[in-house]
Amino acid sequence: ELITVVMGGKAVDGKLQIYEDTIKLLEYGFNNFSTQTIVRPGDIVEESPVAEAKDSDYIILQSDQYLEALLPKDVKKEEIEKDITLLSDIRAPIKKGDVIGTVTYKYQGQVLGKVNLISDRSIEKEPIVAVTNQTMSIASSLTNKLWFKAVLGALGAFTVAILILKIASSRRIKRNRYIYVNDSKIRYIYKDRRK
């Protein structure tokens with residue numbers, strides 16, 4: 001559908017030009033513009049990585065509806081911009097048809113429309129990866145806690161103290177291996193009573 005608005009038309013030879021101007025405007029519109037399909041349901045728009053996935057670490061995102069727009073006939077598909085917005089955290093499990101994000105189509109800065117992006121298949125969760133990620137997340141959150149740092153510091157100090165005692169004990173054993181009697185060196189065999 002095209003609508004023309006003609007203002008300030010003048011009469012030439014007693015005829016108003018508004019009708020001729022209207023015809024020219026309509027012919028220009030029909031000759032140079034057409035309704036074009038931008039995207040159809042099921043068209044592949046994007047791929048996205050998926051965390052904690054069992055069989056596949058990515059998912060294909062498809063359009064869930066038609067989008068049509070009135071555009072110049074000579075517009076190429078590459079000239080139409082895609083502004084894709086995905087969920088911030090895409091992780092399994094995902095069901096086929098889940099909405100993962102949206103895509104907004106633009107031409108020369110003008111918004112043509114927006115459609116949802118849906119998953120093309122279901123993806124199961126990998127239990128081992130999920131447990132590993134959860135453990136890492138807990139460890140990461142614990143390292144920021146003051147009490148956890150204090151416990152780690154105490155364990156470290158305790159370990160260092162045990163090492164120092166062990167080293168000191170072994171040096172004392174080495175010192176007692178030889179004794180001196182009347183200025184002559186006699187070998188003394190040390191028996192470890194702890195055994």
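Treat the numbers as computed from the prediction; the structure is a model and nothing was measured.
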same_hphob_cluster(Leu86, Ile60) at 4.5 Å side-chain heavy-atom cutoff: no

hydrophobic_cluster_shared for Tyr58 and Ile94, side chain cutoff 4.5 Å: no

Under 3.5 Å donor-acceptor, Thr37 side chain and Val39 backbone: no

Arg121 CZ: over 12 foreign heavy atoms closer than 6.0 Å: yes

Gap between atom CD1 of Ile59 and atom CD1 of Ile123 - 0.5 Å precision: 4.0 Å

Heavy-atom pair with the smallest gap, counting every atom of Ala69 and Leu112: CB-CD2, 4.0 Å

Test side chain to side chain contact (heavy atoms under 4.5 Å, CB included) applied to Glu46 - qualifying residues, sequence neighbours left out: Leu61, Ile84

Ser34 side chain to Gln36 backbone, donor-acceptor under 3.5 Å: no

Closest non-hydrogen atom pair between Gln62 and Gly42, with its separation: NE2-O, 3.6 Å

Side chain to side chain contact (heavy atoms under 4.5 Å, CB included) partners of Thr35, counting only residues at least two apart: Glu68, Leu70

Worked verdict on Ile38 versus Val115 for side chain to side chain contact (heavy atoms under 4.5 Å, CB included): CA-CA 11 Å; Ile38 310 299; Val115 298; over 6 Å; no

Contact list for residues 93-120, test side chain to side chain donor-acceptor pair (under 3.5 Å), sequence neighbours left out: Asp64-Asn116

Contact summary for Pro72 and Phe33, nearest pair of heavy atoms: N-CD2, 3.6 Å

Determine all donor-acceptor pairs shorter than 3.5 Å in which one atom belongs to a side chain in residues 8-28; sequence neighbours excluded.
{"residue": "Gln17", "atom": "NE2", "partner": "Glu20", "partner atom": "OE1", "Å": "3.4"}
{"residue": "Thr22", "atom": "OG1", "partner": "Ile18", "partner atom": "O", "Å": "2.7"}

Indicate every side-chain donor-acceptor pair of residues 74-83 with a distance under 3.5 Å to a residue at least two apart or in another chain.
{"residue": "Glu79", "atom": "OE2", "partner": "Lys76", "partner atom": "N", "Å": "3.1"}

Cluster companions of Phe158 among Ile, Leu, Val, Met, Phe, Trp, Tyr (side-chain spacing under 4.5 Å): Ile162

Enclosure of Ile3 CD1 (heavy-atom neighbours >12, cutoff 6.0 Å): no

Path from Ile118 to Leu67 over hydrophobic side-chain contacts below 4.5 Å: no

Nearest heavy atoms of Ile90 and Ser48, plus distance in Å: CD1-OG, 3.2 Å

Minimal non-hydrogen separation, Ala53 against Ala92, with atom names: CA-CB, 3.9 Å

